[in-house]
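Letters A, B, ... are given to chains in the order of the sequence lines, protein chains preceding strands, and every chain is numbered from 1.
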There are 2 protein chains.
Amino acid sequence: MTRSAELPATRDRLIAAMSDALQRRGYHGVGLSELLVEAQAPKGVLYHHFPGGKTELAIAAIQSAVSRLTSALDRLIASGADPVAALSAWMAGAEKQLEKGRFEKGCPLATVALESTAEDETIRGEIAAGFAAIRDRLSSALVASGVVPAKARALSTLIVSAYEGALMQARVAGSLAPMTETASALLQLIQSELDAVKGIR
Amino acid sequence: MTRSAELPATRDRLIAAMSDALQRRGYHGVGLSELLVEAQAPKGVLYHHFPGGKTELAIAAIQSAVSRLTSALDRLIASGADPVAALSAWMAGAEKQLEKGRFEKGCPLATVALESTAEDETIRGEIAAGFAAIRDRLSSALVASGVVPAKARALSTLIVSAYEGALMQARVAGSLAPMTETASALLQLIQSELDAVKGIR
DNA sequence: GAATCTATAGACCGGTCGGTCTAGTGTCAA
DNA sequence: TTGACACTAGACCGACCGGTCTATAGATTC
């Protein structure tokens, strides 16, 4: 064990610093030097672990964020809670995160998604795959609750859309209101949809 | 800095170039030189019209975008179409814009909203005000259709959230699907809400 | 213990960034 | 004709950008 116990491995510190930066300012908003100060690492170490430089580090950060999100989602779904309760819990968690980050930290995918151009093929692909993975999980959870597949897909896309848009509005407003309002309206939709399913059955 | 009714063409070209850039890559993603090539203007002219430089130009672009959006919304609402039809038309318009811009042009507010930090006070304020103005218009249109104010506010926030999130997903996916799916699920909610209102009446 | 390899360390580089500055140019009023 | 003024034009600047390079420390292998 070459490194001190309290500090995570250098590679992980770099990824964590990039993740944090992507949530706060996006890809073009951060400089390498700032990133390295945050990660307490010299420049050489970045290009040792990520020969592709800033881009490769960003991709790693995105992948790490996606796997964090999807596994949290999996856990939530596996817990057996009904969709409305699960979504409600998720939104409440987002509100807590927003407050904890003083409205400065958002979704690690969103900003980069909007900043990226057609040339940023790899990054875009990674983000698109991340969104798709999240939608798929939501969708199959809804199907498991009796929603027909086509409707489940539309609903899960709406959930992701609403979540991202709510985070965006809440951040610029510096207020939880957009998040809570979005959540309340959204939850009502899901509930009525599930009730309809039950009625038919 | 109040300005007479007639604006110099150059000023407008600068604003247009910035608007376009904000939709494609966001604030930090564009360079001044690129902007000036696009606007066919030399550097001096930028600082003549916008002494505050890049930031002031971005603010002007955002204000211009907001007034374009709100007046389009006003027109749509004034046309007397019922909320569902109006929203449906709006979403269809967004899809057309997405395709026209080959999925490279998104909302002029969204990217900057996510890139901005607490220090970018003016820009954030402008964006927050823009979102609020849009929500207010939607909300009062819903109230006019019989929705109770509190529910109308939540619903209008959800509409904006869904719209922004759908644009985001559609862009990275390079596909209209996230937009159409979001729209269909959302429209159904509004419809059922309005039906409920009618039932009570 | 020499050789090798991974990881750390930071000086250094060319290019580009946003921004300033000075020099014109065209228009209009006196 | 001249002076004032709004606007155009682009050379120029220091700072910072992402990225490369060489040096070295520590662990591992033979």
Separation of His48(B) atom NE2 from dT25(C) atom C1', in whole Å?
13 Å

Looking at His49(A), does any N or O in its side chain come under 4.0 Å of the phosphate oxygens OP1/OP2 on dT6(C)?
no

Going 5' to 3' along nucleotides 11-25 of chain D, which nucleotides have protein heavy atoms under 4.0 Å from the base (write B), which only from the sugar-phosphate (write S), and which from neither (write -)?
B-----SBBB-----

Donor-acceptor contact present, side-chain Ser140(A) to main-chain Asp136(A), <3.5 Å:
yes

Could you verify whether a donor N or O on one side chain and an acceptor N or O on the other, from Ser116(A) and Arg124(A), lie under 3.5 Å apart?
yes

Can you tell me how far C1' of dA6(D) sits from CZ of Arg11(B), to the nearest Å?
14 Å

Once you round it to whole Å, what is the distance between C1' of dG18(C) and CZ of Phe50(B)?
16 Å

To the nearest Å, how far apart are Leu46(B) CG and dG18(C) C1'?
10 Å

Give a yes or no on whether a salt bridge exists between Arg135(B) and Glu164(B), defined as a side-chain N under 4.0 angstrom from a carboxylate O.
no

Is a side-chain N or O of Ser88(B) found less than 3.5 angstrom from the main chain of Val84(B), in a donor-acceptor match?
no

Just checking Lys54(A): does its NZ atom have more than 12 heavy atoms from other residues, nucleotides or ligands closer to it than 6.0 angstrom?
yes

Gly26(B) and Thr111(B): which non-hydrogen atoms are nearest, and at how many Å?
CA-CG2, 3.5 Å

Any residue of residues 109-123 of chain A with a heavy atom less than 4.0 Å from an atom of DNA chain C
none

Looking only at side chains, do Thr180(A) and Glu95(A) share a donor and an acceptor under 3.5 Å apart?
no

More than 12 non-hydrogen atoms from neighbouring residues, nucleotides or ligands closer than 6.0 Å to CD on Gln40(B), yes or no?
no

